[in-house]
Amino acid sequence: MPLALPHLTTAHGLTRTTILELFQSAEEYYTRLRIGTKRFDVLQGISVVLAFFENSTRTRMSFEIAAKRLSAEITGFQASASSVNKGETLLDTIRNIEAMHVDVLVMRHSSSGAHEFLRRHAGCRIVNAGDGQHEHPTQALLDAFTLTRKFGHLEGLKYCLVGDILHSRVARSNIPIFKALGAEVAVCAPGTLLPKDIASFGVKTFSDIDTAVAWADAMNVLRIQFERQDQGLIPTIREYTEWFGVKDHHLRLKPNIAILHPGPINRGIELEAIVADAAQSLILPQVEHGVAIRMAVLTALANDIRATRH
Ligand code: ASP
């Protein structure tokens, strides 16, 4: 039986088996895309709306390309040019979209929990492309896929997320996925950028970058989310970079370390420019893998749609 998913709103609860099935499907797409295949008919007859209520470059394009490669019927929804600006509620907006017989809604929204809310109240399939500081499941899947392709598997891999954990939806989705795949997960951040309930995440914590690098096989370097902060949680950028930035000398110390970053990168803040471009950096492979992962996710949704249509 091919993998069928009704929705993808959260990374929590995705089992190791489901994740590995998604990786297997992504690997097949990745290989076919690499040899130049541009069209698959998997989503023929399925309509996908891309609704981005928050800024996005990579994720939006990646979903759009993934859906196009799979032959979906795609509609883009530009929140800044919509009736949301006239005071329409999210649920009303989505119910209107549904009334046009949309099958799948890929949405990014600044409100944490918006997708869970819609999953309960809306009729179409929901894919979370980032909700506030809550979750970003496809980013976590593509991060884990990237490191699985590099290391073969994640069992026992020492994996450290560094930076603004407090506001990071990437971290909140990464932690359950990497743990489900058997990695040892750590976070490295100043105390002010850690969630208060970090103890309940079941991860190791580091408060300086040198110790974290010495421990880790792979680091996922996160951006400081200035747009989600209304108070000065770090004294100055310069001090943050000094204490938590990933630098050239770390790569010399740990030549086999893998560096991930979900983008957009702030060169010279959370990592030195030379680190972003180094051989250890998997930042562009992450972007390439993102399309294959999103194709795998959309395929699993299409399988569920077809199974329930018959
Ligand atoms: N692109 C990622 C996100 O949407 C990371 C970031 O913005 O820093 O969460």
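The structure displayed is predicted, hence computed values, not measured ones. Atom set for the values below is all heavy atoms of this structure, side chains included, hydrogens, waters and symmetry mates excluded.
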[X] side chain to [Y] main-chain N or O, any donor-acceptor pair under 3.5 Å?
| X | Y | result |
| --- | --- | --- |
| Glu270 | Val246 | no |
| Ser200 | Asp197 | yes |
| Lys179 | Phe201 | yes |
| Ser71 | Leu43 | no |
| Thr37 | Leu33 | no |
| Lys254 | Asp217 | no |
| Thr205 | Val187 | no |
| Asp304 | Ala4 | no |
| Ser173 | Val170 | no |
| Arg120 | His115 | no |

Could you label the plane-to-plane angle of the Phe145 and Tyr30 rings as parallel, tilted or perpendicular, counting under 30° as parallel and over 60° as perpendicular?
->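 Ring orientation of Phe145 relative to Tyr30: perpendicular.
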
May I ask you to decide if the ring planes of Phe53 and Phe77 are parallel, tilted or perpendicular, using 30° and 60° as cut-offs?
->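 Rings of Phe53 and Phe77: tilted, 30 to 60°.
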
At what distance, to the nearest 0.5 angstrom, does [atom1] of [X] lie from [atom2] of [Y]?
| X | Y | atom1 | atom2 | answer |
| --- | --- | --- | --- | --- |
| Ile198 | Leu193 | CD1 | CG | 11.5 Å |
| Leu141 | Phe23 | CG | CZ | 6.0 Å |
| Leu147 | His289 | CG | NE2 | 10.0 Å |
| Leu301 | His7 | CG | NE2 | 8.0 Å |
| His12 | Ile177 | NE2 | CD1 | 9.5 Å |
| Asp143 | His261 | CG | NE2 | 11.0 Å |

Measure across [X] and [Y] and return the closest heavy-atom pair with its distance rounded to 0.1 Å.
| X | Y | result |
| --- | --- | --- |
| Val291 | Ala66 | O-CB, 3.8 Å |
| Ile265 | Ala276 | CD1-CB, 3.8 Å |
| Val275 | Ser281 | O-CB, 3.4 Å |
| Ala216 | Ile257 | O-CD1, 3.7 Å |

Carboxylate-amine/guanidinium contact Glu155 Arg16, below 4.0 Å |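 Answer for the salt bridge query: yes.
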
Does a salt bridge link Arg119 with Glu116, judged by any charged N lying under 4.0 Å from a carboxylate O?
->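 A salt bridge links Arg119 with Glu116.
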
Trace of the side chain to side chain donor-acceptor pair (under 3.5 Å) decision for Gln286 with Thr146 | CA-CA 6 Å; Gln286 281 176 275; Thr146 300; 5.5 Å; no

Quiz item: cation-pi between Arg108 and Phe63, 6.0 Å / 45° =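 Judged by the rule (NZ or CZ under 6.0 Å from the ring centre, within 45° of its axis), Arg108 is not positioned above Phe63.
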
Got a sec: does the [atom1] of [X] have more than 12 other heavy atoms crowding it under 6.0 Å?
| X | atom1 | answer |
| --- | --- | --- |
| Trp243 | CH2 | no |
| Lys247 | NZ | yes |
| Arg32 | CZ | no |
| Asn55 | CG | no |
| Ile274 | CD1 | no |
| Gln24 | CD | no |

Do Ile283 and Tyr159 belong together in a cluster built from hydrophobic side chains that touch within less than 4.5 Å?
->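 Result: no, two separate clusters.
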
Cluster question for you: counting only ILVMFWY and a side-chain heavy-atom cut-off of under 4.5 Å, with indirect links fine, are Leu284 and Ile293 together?
->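 No, no single cluster joins them.
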
Evaluate side chain to side chain donor-acceptor pair (under 3.5 Å) for Glu135 paired with Thr10, printing each intermediate quantity in order.
-> CA-CA 6 Å; Glu135 285 227 33; Thr10 170; 2.5 Å; yes

Run the side-chain contact (heavy atoms from CB on, under 4.5 Å) check on Leu161 and Ile175 step by step: do they pass?
-> CA-CA 9 Å; Leu161 293 140; Ile175 293 169; 3.8 Å; yes

Do Asp277 and Arg267 pass the salt bridge (charged side-chain N to carboxylate O under 4.0 Å, His left out) test, and can you show the C-alpha distance, the side-chain angles, and the key distance before you say yes or no?
-> CA-CA 10 Å; Asp277 302 326; Arg267 287 173 182 259; 2.9 Å; yes

Which of these passes side-chain contact (heavy atoms from CB on, under 4.5 Å) with Leu118: Met107, Arg95, His109, Glu98?
->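 In the set Met107, Arg95, His109, Glu98, the residue that makes a side-chain contact (heavy atoms from CB on, under 4.5 Å) with Leu118 is Met107.
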
Would Glu54 and Ser110 count as having a side-chain donor-acceptor pair, cut-off 3.5 Å?
->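 No donor-acceptor contact under 3.5 Å links the two side chains.
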
Apply side-chain contact (heavy atoms from CB on, under 4.5 Å) to Met295 and Arg69, showing your working.
-> CA-CA 8 Å; Met295 288 173 77; Arg69 298 269 183 271; 3.7 Å; yes

Tyr240 side chain reached by Asp164 side chain, heavy atoms, under 4.5 Å |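 Contact flag for Asp164/Tyr240 side chains = no.
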
Side chain to side chain donor-acceptor pair (under 3.5 Å) between Asp210 and His250, worked out = CA-CA 7 Å; Asp210 294 346; His250 291 128; 2.8 Å; yes

Report the C-alpha distance between Arg172 and Ser112 in whole Å, list the side-chain angles of each, state the deciding distance to 0.1 Å, and finish with yes or no for side chain to side chain donor-acceptor pair (under 3.5 Å).
-> CA-CA 12 Å; Arg172 280 181 184 74; Ser112 301; over 6 Å; no

